[in-house]
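These numbers were taken from a predicted model, which means no experiment stands behind them.
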Amino acid sequence: MRDMETPDQPIATTHECITKRRRFRLGSWHERFARPAVGVDIGRSAIKAVAIDTRRQPPRITGHAIVPRPASAGSPTGAGTGRAIRSAVRKAARRPGPIACAIPANEAITRHVEAPAGLTGDALAMHLALSIEDHLHQPPEQLCYDIRPRGPVPERGSQQAVLLVATRRGVLAERQAAFRRARLRCDVVDIEDRALARTLELVGAAVKDPESAAAVEGLFDAGEGQLQFHVFSAGEPLHGQSHPVGPDGDLAAAMARAHAVYQGSHEARPIARLWLTGGASAGSPPVSPDPTLSLTPVPLDPLPALGVAGRVDTAALAANMPRLASAIGLALHAGANDAHWR
């Protein structure tokens, strides 16, 4: 992402990693990307890491780990969190390649904007930097941002669509500090809902459903102490919300509440299918969030769409799969040739 105090300098792009002081030499950069990509999901109670060799088809899981966060770890920048991140990454991959983490979806500002079609690279970035405050309605000096061209605007051939994503500098600094404490480099900073969308896309491709690419899908992510509900349309995040769930809370009631909130929102569209993931969902029988609906959440299982290295304990991997959806999406992003949000 780019720092608004120096908008012409990305915080971490491939180019920077090659050319700036204290960055990698070109040879070592390519050598690092020849190793398994690692996705790191910093959860409330544990750090989840998944290593994937994205050069293979299908992508192959080469390791995974779940390391509890100490109760005293506190914020993501705490020393306990740093030690847990390092332990999880090293258990998942002895020699990790590019590493990705994510910021919470509610900490990201996303806008779909337009720019002249002829602009690319730094010229496009500078053009948007001049109007960033108008697009985001936030003090620009407090933000980091990144952009991704999405192609021409059909109605206006002289314009191109651009995805603009920003977050507060402090949010990004927390993640950077955590990895510094872990003595690791985080190459990609993603957004949690987009990481889940990537895993969801992998599952849809595996079942070869021709309608899945354009479907509206809902995903319940049942973590410790909270339930998140994400809705995706054609792979793009459409809606998101979070609800607290107590230790003895009723997960089905929380799902019904989240679904009702979505149904009452202005962005609601009919949902074609529902998915369920998250550590708190393990062992829970799928139930419909609304008795008036015929839809019942299906456990999200990306394992059939992935290869598994011979040294991986497949039984343990399958048992932990409900907790690894975000980390898998992050690893897939970290290993992609066109990875963004660097």
Fill in the blank from the handout: Residues Pro116 and Gln159: closest non-hydrogen pair is CA-OE1, 3.7 Å

Handout entry: Audit row: Leu184, Arg90, side-chain contact (heavy atoms from CB on, under 4.5 Å) steps and yes/no
Key = CA-CA 10 Å; Leu184 293 168; Arg90 293 304 184 188; 3.8 Å; yes

Problem - Residue pair Ala93 / Ala51: nearest heavy atoms and the distance that separates them - result: CB-CB, 3.9 Å

Practice task
Could you state whether Met255 and Ile271 fall into the same hydrophobic cluster, counting links through intermediate Ile, Leu, Val, Met, Phe, Trp or Tyr residues with side-chain heavy atoms under 4.5 angstrom apart?
Solution key: yes

Practice task
Report the distance from atom NE2 of His333 to atom OG1 of Thr199, rounding to the nearest 0.5 Å.
Solution key: 12.0 Å

Problem - Atom of Arg60, atom of Ala309 and distance for their closest heavy-atom approach - result: CG-N, 3.6 Å

Practice task
To the nearest 0.5 angstrom, please state how far the CD atom of Glu192 sits from the CD atom of Gln228.
Solution key: 6.0 Å

Problem - Heavy-atom donor-acceptor pair, Arg86 side chain to Arg183 backbone, under 3.5 Å - result: yes

Practice task
Working to the nearest 0.5 Å, report the span between OG1 of Thr167 and OH of Tyr145.
Solution key: 14.5 Å

Practice task
Verify the cluster assignment for Leu303 and Ile52: are they in a single hydrophobic cluster under the rule of side-chain heavy atoms below 4.5 Å apart?
Solution key: yes

Exercise for the section: Check Val113, Val165, Thr110, Ile109 against Leu136 for a side chain to side chain contact (heavy atoms under 4.5 Å, CB included) and give me the one that passes. Expected result: Ile109

Problem - Sub-4.5 Å side-chain heavy-atom contact between Leu202 and Leu306 - result: yes

Practice task
Check whether any side-chain heavy atom of Ile132 lies under 4.5 Å from a side-chain heavy atom of His135, and answer yes or no.
Solution key: no

Problem - side-chain contact (heavy atoms from CB on, under 4.5 Å) evaluation trace for Val308 with Leu317 - result: CA-CA 9 Å; Val308 180; Leu317 178 63; 4.0 Å; yes

Practice task
Check for a donor-acceptor pair, side chain of Thr277 on one end and backbone N or O of Leu300 on the other, with a separation under 3.5 Å.
Solution key: no

Problem - Arg269 CZ: over 12 foreign heavy atoms closer than 6.0 Å - result: no

Problem - Partner residues of Ser242 under the side chain to side chain donor-acceptor pair (under 3.5 Å) criterion, sequence neighbours left out - result: Gln226

Problem - Residue pair Gly223 / Ala280: nearest heavy atoms and the distance that separates them - result: O-CB, 3.7 Å

Handout entry: Nearest heavy atoms of Ala115 and Leu124, plus distance in Å
Key = CB-CD1, 3.6 Å

Handout entry: Value rounded to 0.5 Å, distance of NE2 in His239 from CG in Asp193
Key = 11.5 Å

Practice task
Evaluate the side-chain proximity of Val188 to Leu330: yes if any heavy-atom separation is below 4.5 Å, no if none is.
Solution key: no

Exercise for the section: Hey, could you give me the SG/CD distance between Cys186 and Gln176, rounded to the nearest 0.5 Å? Expected result: 8.0 Å

Practice task
Check whether any side-chain heavy atom of Leu143 lies under 4.5 Å from a side-chain heavy atom of Arg169, and answer yes or no.
Solution key: no

Handout entry: Chi angles and distances behind the side chain to side chain donor-acceptor pair (under 3.5 Å) call for Glu224, Ser45
Key = CA-CA 7 Å; Glu224 181 177 337; Ser45 61; 2.7 Å; yes

Practice task
Would you indicate whether the side-chain heavy atoms of Val189 and Phe179 approach each other to under 4.5 Å?
Solution key: no

Practice task
Indicate, with yes or no, if Leu227 and Val261 share a hydrophobic cluster defined by side-chain heavy-atom contacts under 4.5 Å among Ile, Leu, Val, Met, Phe, Trp and Tyr.
Solution key: no

Problem - Modelled atom types, side-chain donor and acceptor of Asp221 and His230, under 3.5 Å - result: no

Practice task
Spell out, as yes or no, whether a donor-acceptor pair under 3.5 Å connects the side chain of Arg69 to the backbone of Ile47.
Solution key: no

Exercise for the section: Using the test side chain to side chain donor-acceptor pair (under 3.5 Å), find all partners of Glu155 that sit at least two apart in sequence or belong to another chain. Expected result: none

Exercise for the section: May I ask you to say whether Asp146 pairs ionically with Arg148, meaning some side-chain N is under 4.0 Å from a carboxylate O? Expected result: no

Practice task
Could you tell me whether a side-chain N or O of Asp187 sits under 3.5 Å from a main-chain N or O of Ile99, the two making a donor and an acceptor?
Solution key: yes

Exercise for the section: For the pair Glu217 (side chain) and Ala197 (backbone), establish whether a donor and an acceptor sit closer than 3.5 Å, ignoring hydrogens and angles. Expected result: no

Handout entry: Ala117 to Gln160 - nearest heavy-atom pair and separation
Key = O-NE2, 3.7 Å

Exercise for the section: State plainly whether one hydrophobic cluster holds both Val67 and Ile328, where clusters connect Ile, Leu, Val, Met, Phe, Trp and Tyr through side-chain heavy atoms under 4.5 angstrom apart. Expected result: no

Problem - Separation of Ile191 CD1 from Leu196 CG (nearest 0.5 Å) - result: 12.0 Å

Problem - Parallel, tilted or perpendicular: ring planes of His259 versus Phe229, cut at 30 and 60 degrees - result: tilted

Handout entry: Heavy-atom side-chain proximity of Leu238 to Phe232 below 4.5 angstrom
Key = no

Practice task
Give a yes or no on whether a salt bridge exists between Asp190 and Arg198, defined as a side-chain N under 4.0 angstrom from a carboxylate O.
Solution key: yes

Practice task
Answer yes or no: is there a donor N or O on one side and an acceptor on the other, between the side chain of Thr54 and the main chain of Ala336, under 3.5 Å?
Solution key: no

Handout entry: salt bridge (Lys or Arg N to Asp or Glu O under 4.0 Å) contacts touching residues 235-245 (sequence neighbours left out)
Key = Arg150-Glu236, Arg194-Glu236

Handout entry: Side-chain touch Arg35/Asp53, heavy atoms, less than 4.5 angstrom
Key = no

Exercise for the section: Go through Val231 and Glu267 one step at a time and tell me if the side-chain contact (heavy atoms from CB on, under 4.5 Å) criterion holds. Expected result: CA-CA 10 Å; Val231 181; Glu267 55 202 359; over 6 Å; no

Exercise for the section: Please check if the side chain of Ser87 supplies one atom and the backbone of Ala84 the other of a donor-acceptor pair under 3.5 Å. Expected result: no

Exercise for the section: Side-chain contact test, heavy atoms from C-beta onward, threshold under 4.5 Å: evaluate it for Ser233 versus Val216 and give yes or no. Expected result: yes

Problem - side-chain contact (heavy atoms from CB on, under 4.5 Å) evaluation trace for Arg175 with Ile42 - result: CA-CA 9 Å; Arg175 294 298 187 271; Ile42 304 175; 3.9 Å; yes

